[in-house]
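Just below is one structure, and these are the notes that go with it.
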Amino acid sequence: MNITVLAVGTKMPKWVDEAVTEYAKRFGRDVNYTLKEVKPEKRGAGVNATQGMLAEEKRILDALPENALIVALDERGKAPTSMELAEHMRQWQQNGEHVCFIIGGADGMTDTIKQKARLMMRLSSLTLPHGMVRVLLTEQLYRAVSILHNHPYHRE
C-alpha cells in the first residue's frame, strides 16, 4: 500500500523528524510511506490568509500523487477510532488505492482541496501544532496497519 503525507511546513524540530522516521520504519514492506513537505507561503507584507492558502493550494495540488485518494485533515472532519481507521485502510488496500493525507498550513486549506478529499478527518478536537500532527498521524497509520496484521501493538 502506498501512503503519502503532504504537510505544509518545513524545518520541523528534530524530535518531530525523528519520531516520524521511527514510525515510518515500522511499517515494513507492506506500506510505502512518504512524507512530502510543502513550502508554506509567508504571511505579512501584503499576503493575507486567503492569498497564502491559495499559494499553498497550488503547491499541494502540484505535489499530489497521480490518482491518489485524498484524505484532508481538518478540524471539522470525522474523528475515527483506531479500529475505524484500520477498516478504512483495509478497504483502501483492497482497492489498490494510493492514499494521500493532507495537512494544511497555519490557516488551514482551501475549499478546493477539501472538495477533492474523499474523507475529511480530524485527529483531535484540540488544536495541535503541525509537528505533533505529523507524529500523531504517522503513529495512528502504523497502529492501523498493526491492527490489520493482528500485531499486539494495539490493545483493546
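We count residues from 1, following the sequence as given. Note that this is a predicted model, so its numbers are computed, not measured.
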I need the minimum non-hydrogen distance between [X] and [Y], along with the two atoms involved.
| X | Y | value |
| --- | --- | --- |
| Met121 | Val71 | CB-CG1, 4.0 Å |
| Gln93 | Met1 | N-CE, 4.0 Å |
| Val8 | His130 | O-CD2, 4.0 Å |
| Leu6 | Ile60 | CD1-O, 3.7 Å |
| Gln140 | Ser82 | OE1-OG, 2.7 Å |
| Ala68 | Cys100 | CB-CB, 3.9 Å |

Exercise. When you check the side-chain N and O atoms of His98 and Asn32, is any donor under 3.5 Å from an acceptor?
Worked result: no
Linking I/L/V/M/F/W/Y whenever any side-chain heavy atoms sit under 4.5 Å apart, do [X] and [Y] land together?
| X | Y | answer |
| --- | --- | --- |
| Phe101 | Phe27 | yes |
| Met12 | Leu136 | yes |
| Ile3 | Leu73 | yes |
| Tyr33 | Leu123 | yes |
| Leu54 | Ile113 | no |

Salt-bridge test for Arg59 and Glu41: reply yes if a basic N is under 4.0 Å from a carboxylate O, no otherwise. yes
Nearest 0.5 Å please: distance from the [atom1] atom of [X] over to the [atom2] atom of [Y].
| X | Y | atom1 | atom2 | value |
| --- | --- | --- | --- | --- |
| Arg26 | His151 | CZ | NE2 | 9.0 Å |
| Glu84 | Ile147 | CD | CD1 | 10.5 Å |
| Lys78 | Leu85 | NZ | CG | 13.5 Å |

Residues pairing under salt bridge (charged side-chain N to carboxylate O under 4.0 Å, His left out) where one sits in residues 129-139, two or more places apart or in two chains, turn out to be Glu37-Arg134, Glu139-Arg143
Quick note, salt bridge (charged side-chain N to carboxylate O under 4.0 Å, His left out) partners involving residues 117-127, not counting sequence neighbours, are Glu97-Arg118
Under a 4.5 Å cut-off applied to non-hydrogen side-chain atoms, are [X] and [Y] in contact?
| X | Y | result |
| --- | --- | --- |
| Thr21 | Leu35 | no |
| Val99 | Thr4 | no |
| Val5 | Ile103 | yes |
| Met89 | Leu148 | yes |
| Lys114 | Met120 | yes |
| Asp107 | Arg43 | yes |

Taken in chain and number order and not counting sequence neighbours, the residues that satisfy side-chain contact (heavy atoms from CB on, under 4.5 Å) with Gln91 are Glu87
- prompt: Yes or no on salt bridge (Lys or Arg N to Asp or Glu O under 4.0 Å) for Lys25 and Glu18, after CA distance, side-chain angles and deciding distance?
  reply: CA-CA 11 Å; Lys25 282 193 298 190; Glu18 288 173 348; over 6 Å; no
Residue pairs passing the ring-ring contact (aromatic ring centres under 6.0 Å, His included) test with at least one member in residues 63-95, sequence neighbours excluded, are His88-Trp92
The remaining residues in the hydrophobic cluster of Val47, counting side-chain heavy-atom contacts under 4.5 Å among Ile, Leu, Val, Met, Phe, Trp and Tyr, are none
Parallel, tilted or perpendicular: rings of Tyr142 and Tyr23 (30°, 60°): tilted
Given the options Glu57, Lys58, Gln115, Thr110 meets side chain to side chain donor-acceptor pair (under 3.5 Å) only with Glu57
### Task
Using a cut-off of 6.0 Å, state whether more than 12 heavy atoms not belonging to Lys36 lie near its atom NZ.
yes
Residues passing the salt bridge (charged side-chain N to carboxylate O under 4.0 Å, His left out) test with Glu75, sequence neighbours excluded, are none
